[in-house]
Amino acid sequence: MTSIKKIKTRHGCDVFRVHFENAAGRFHKSFKTLDPACCFLFLSESERFLEMTAKEKERCRDWHLRKLIQFYVGKKVSQCETGHLRQSSLDTIKHALFSIDETLQEKLALNIRPSEFNGLPENTLKHLHSAYLLLKAMRNRGVSPIPKLKKKAEKPIFIPAFENVDMMIEVAPVREKIAFILASVIGLRISEILALDYTDIQGEYLNIAKHVTGNGVIEGLKADVQRRIKTPKKLFDFFDNNKRGMNVPLIISERGERLSLCYSRTGIVKRLLTEHGIGTFHNLRHFAALQLFEKGVDVNFVSRLLGHKSIHITMDIYGRFCSDILRYDF
């Protein structure tokens, strides 16, 4: 069984030693910090679960809560390294889980009663529940002992007025026109827009296959939904034809560099969004979805266009704007 222990080296330094086993025997590996140690534990245990039979998985009931937390954090560290999770989100998860009382962490994860989790912050309970579900998925059975959380009230979605969006695009500089059109017409995320290169323009189509994070451009998408979308015709007037086919960002800074995610929250973009009462850049994505629903476009198409992993996500967010409601004549 894989485990993590904090030890001191002969030089007096703290290290995290991961003890693990495989077909070749038992081994250990040391890490300077806890994050890579948790990631190694997650990868090692995940590989071991794949090789187990159903009966062997059933016997895996000796995990302490601490190991379950480390296993879950290891998965999140792995997602952070691939650009699918922000570092700030990882830090929030670690703070929520590692702050749990040591006495509770020493108990067997599958033997803890629901009442023993009473008093823990809601954010901690949320991530603990996800950790138990991860273990359940690995073992193909089990339940989460976390008490059911109260469902938060659904926040209303702000949809900008058509006239405001149209006017903003009209007065915006060319670079911002491209960003606003991609978001308000085909609903691209800002991370997808900033990752686009001129090589992604393939005839009449755009190839959406990567996104920008704090670590730069990452191949693959947040929801792993690659898509090929027909480019809005009005955009061809703003593209630099001299750069077509070149590995150059579609939207660049004055110094010719790729822009970071801060681009949508600062400078001229923020000023234009504020002046035209649109709020955030992401509201343009909501605007694009609503425009499609008003035209009677099928929800399956909208879901694929927006890059949602499941149609259920689309319905959860935009179900209130489905075409049947919008077109009903009261």
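Model, not experiment: these values are computed from the prediction. The residues of the chain are indexed from 1 along the displayed sequence.
- Of the possible donor and acceptor atoms, none in the side chain of S303 sits under 3.5 Å from a partner among the backbone N and O of T314.
- Partners of H28 under the side chain to side chain contact (heavy atoms under 4.5 Å, CB included) rule, at least two apart in sequence or in another chain, are R17, H19.
- Connection of F158 to I317 is not established within any shared hydrophobic cluster, with ILVMFWY side chains joined at heavy-atom distances below 4.5 Å, either directly or through further cluster members.
- In this structure, the side chains of I208 and R228 stay at 4.5 Å or more apart for every pair of heavy atoms.
- In this structure, CG on L206 lies 7.5 Å from CG on D200, to the nearest 0.5 angstrom.
- Listed here is the closest heavy atom pair of V73 and L90: O-CD1, 4.4 Å.
- Side-chain contact between N207 and Q226 is present, with heavy atoms from C-beta onward closer than 4.5 Å.
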_Quick one, K270 with E275, criterion salt bridge (charged side-chain N to carboxylate O under 4.0 Å, His left out). Give me CA distance, side-chain angles, the key distance, then yes/no._
CA-CA 9 Å; K270 182 179 179 181; E275 287 178 356; over 6 Å; no
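- Rounded to the nearest 0.5 angstrom, K234 NZ and I178 CD1 are separated by 13.0 Å.
- Applying the salt bridge (Lys or Arg N to Asp or Glu O under 4.0 Å) test to K107 and every residue at least two apart in sequence or in another chain returns E116.
- Using a 4.5 Å cut-off between side-chain heavy atoms of Ile, Leu, Val, Met, Phe, Trp and Tyr, with links allowed through other members, L34 and Y72 fall into the same hydrophobic cluster.
- Linking ILVMFWY residues whenever their side-chain heavy atoms come closer than 4.5 Å, directly or via other members, places F287 and V171 in the same cluster.
- Side-chain contact check for V165 versus F162: every heavy-atom pair is 4.5 Å or farther apart.
- Of all heavy-atom pairs spanning T82 and I218, the tightest one is O-CG2, 3.0 Å.
- Here the NE2-CG distance, from H211 to L261, works out to 8.5 Å after rounding to the nearest 0.5 Å.
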_Steps toward salt bridge (charged side-chain N to carboxylate O under 4.0 Å, His left out) verdict (K32, D14)_ = CA-CA 7 Å; K32 292 182 179 179; D14 289 331; over 6 Å; no
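- Considering all non-hydrogen atoms of both residues, A179 and I193 come closest at O-CD1, 3.6 Å.
- Side-chain contact between T274 and R271 is absent, with no heavy atoms from C-beta onward closer than 4.5 Å.
- Hydrophobic clustering places F236 together with F238 (ILVMFWY residues linked when any side-chain heavy atoms are closer than 4.5 Å, directly or through intermediates).
- Closest non-hydrogen pair, F31 versus P36, comes out as CD2-CB, 3.7 Å.
- Rounding to the nearest 0.5 Å places CG of L41 at 8.5 Å from OG of S46.
- Note on K210 versus E219: no salt bridge recorded, every NZ/NE/NH1/NH2 to OD/OE distance being 4.0 Å or above.
- S253 places no side-chain N or O within 3.5 Å of a backbone atom of L259 that could act as its donor or acceptor partner.
- In this structure, the side chain of N283 engages the main chain of I278 through a donor-acceptor pair within 3.5 Å.
- Judged by distance alone, the side chain of N118 and the main-chain N or O of S115 form a donor-acceptor pair under 3.5 Å.
- Note: Y198 and F239 have perpendicular aromatic rings, judged against thresholds of 30 and 60 degrees for the angle between ring planes.
- A donor-acceptor contact shorter than 3.5 Å is absent between the side chain of R258 and the backbone of I251.
- Scanning for side-chain hydrogen bond (donor to acceptor under 3.5 Å, both in side chains) contacts around D166 gives an empty result, with sequence neighbours left out.
- Rounding to the nearest 0.5 angstrom, the gap separating the CD atom in Q291 from the CD1 atom in I186 is 14.5 Å.
- A donor-acceptor pair is defined here as one N or O able to donate and one able to accept, closer than 3.5 Å; such a pair exists between the side chain of Y132 and the backbone of A109.
- For F71 and F42, the gap between ring centers is short of 6.0 Å.
- In this structure, the side chains of L196 and L182 come closer than 4.5 Å at one or more pairs of heavy atoms.
- One finds a salt bridge joining E45 and K67 here, because a Lys/Arg side-chain nitrogen approaches an Asp/Glu carboxylate oxygen to under 4.0 Å.
- Residue I169 forms a side chain to side chain contact (heavy atoms under 4.5 Å, CB included) with just one option from L284, I181, N164, and that option is I181.
- A donor-acceptor pair under 3.5 Å is absent between the side-chain atoms of S89 and the main chain of L85, judged by distance alone.
- Without hydrogens or angle criteria, N111 side chain to L108 main chain gives no donor-acceptor distance under 3.5 Å.
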*Tell me, with the steps shown, if T103 and D101 meet side-chain hydrogen bond (donor to acceptor under 3.5 Å, both in side chains).*
CA-CA 5 Å; T103 306; D101 184 70; 3.1 Å; yes
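- Under the ring-ring contact (aromatic ring centres under 6.0 Å, His included) criterion, F180 pairs with no residue at all, not counting sequence neighbours.
- For the pair I157/Y318, a side-chain contact is recorded, criterion being any heavy-atom separation below 4.5 Å from C-beta on.
- Pairing each heavy atom of P232 with each of V185, the nearest pair is CG-CG1, 3.8 Å.
- With ring centers used as reference points, F20 lies under 6.0 Å from F40.
- For L292, the side chain to side chain contact (heavy atoms under 4.5 Å, CB included) partners are V297, V302, L305, not counting sequence neighbours.
- Checked against salt bridge (Lys or Arg N to Asp or Glu O under 4.0 Å), E81 has no partners two or more places apart in sequence or in another chain.
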*Between E204 and T231, does a side chain to side chain contact (heavy atoms under 4.5 Å, CB included) hold up when you go through it step by step?*
CA-CA 6 Å; E204 295 183 347; T231 309; 5.7 Å; no
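- F98 and C38 get closest at one heavy-atom pair: CZ-SG, 4.4 Å.
- Within the 4.5 Å cutoff, the side chain of R86 has no heavy atoms near those of the T213 side chain.
- Proximity of a side-chain donor or acceptor of D197 to a complementary backbone N or O of T199 within less than 3.5 Å is not detected.
- Side-chain contact between L188 and I229 is present, with heavy atoms from C-beta onward closer than 4.5 Å.
- L272 contributes atom CG, which lies 12.5 Å from atom CE of M167 (distance to the nearest 0.5 angstrom).
- In terms of hydrophobic clustering, with Ile, Leu, Val, Met, Phe, Trp and Tyr side chains grouped at heavy-atom distances under 4.5 Å, L104 and L125 are assigned to a common cluster.
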*List the steps, then state whether side chain to side chain contact (heavy atoms under 4.5 Å, CB included) holds for L68 with L65.*
CA-CA 5 Å; L68 176 59; L65 183 62; 4.2 Å; yes
*Could you walk me through whether Y263 and R175 pass the side chain to side chain contact (heavy atoms under 4.5 Å, CB included) test, one step at a time?*
CA-CA 11 Å; Y263 167 70; R175 183 182 70 181; 3.9 Å; yes
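- No donor-acceptor pair closer than 3.5 Å links the side chain of H95 to the backbone N or O of D91.
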*Going through the checks in order, is the side chain to side chain contact (heavy atoms under 4.5 Å, CB included) test met by I146 and L120?*
CA-CA 10 Å; I146 306 301; L120 291 179; over 6 Å; no
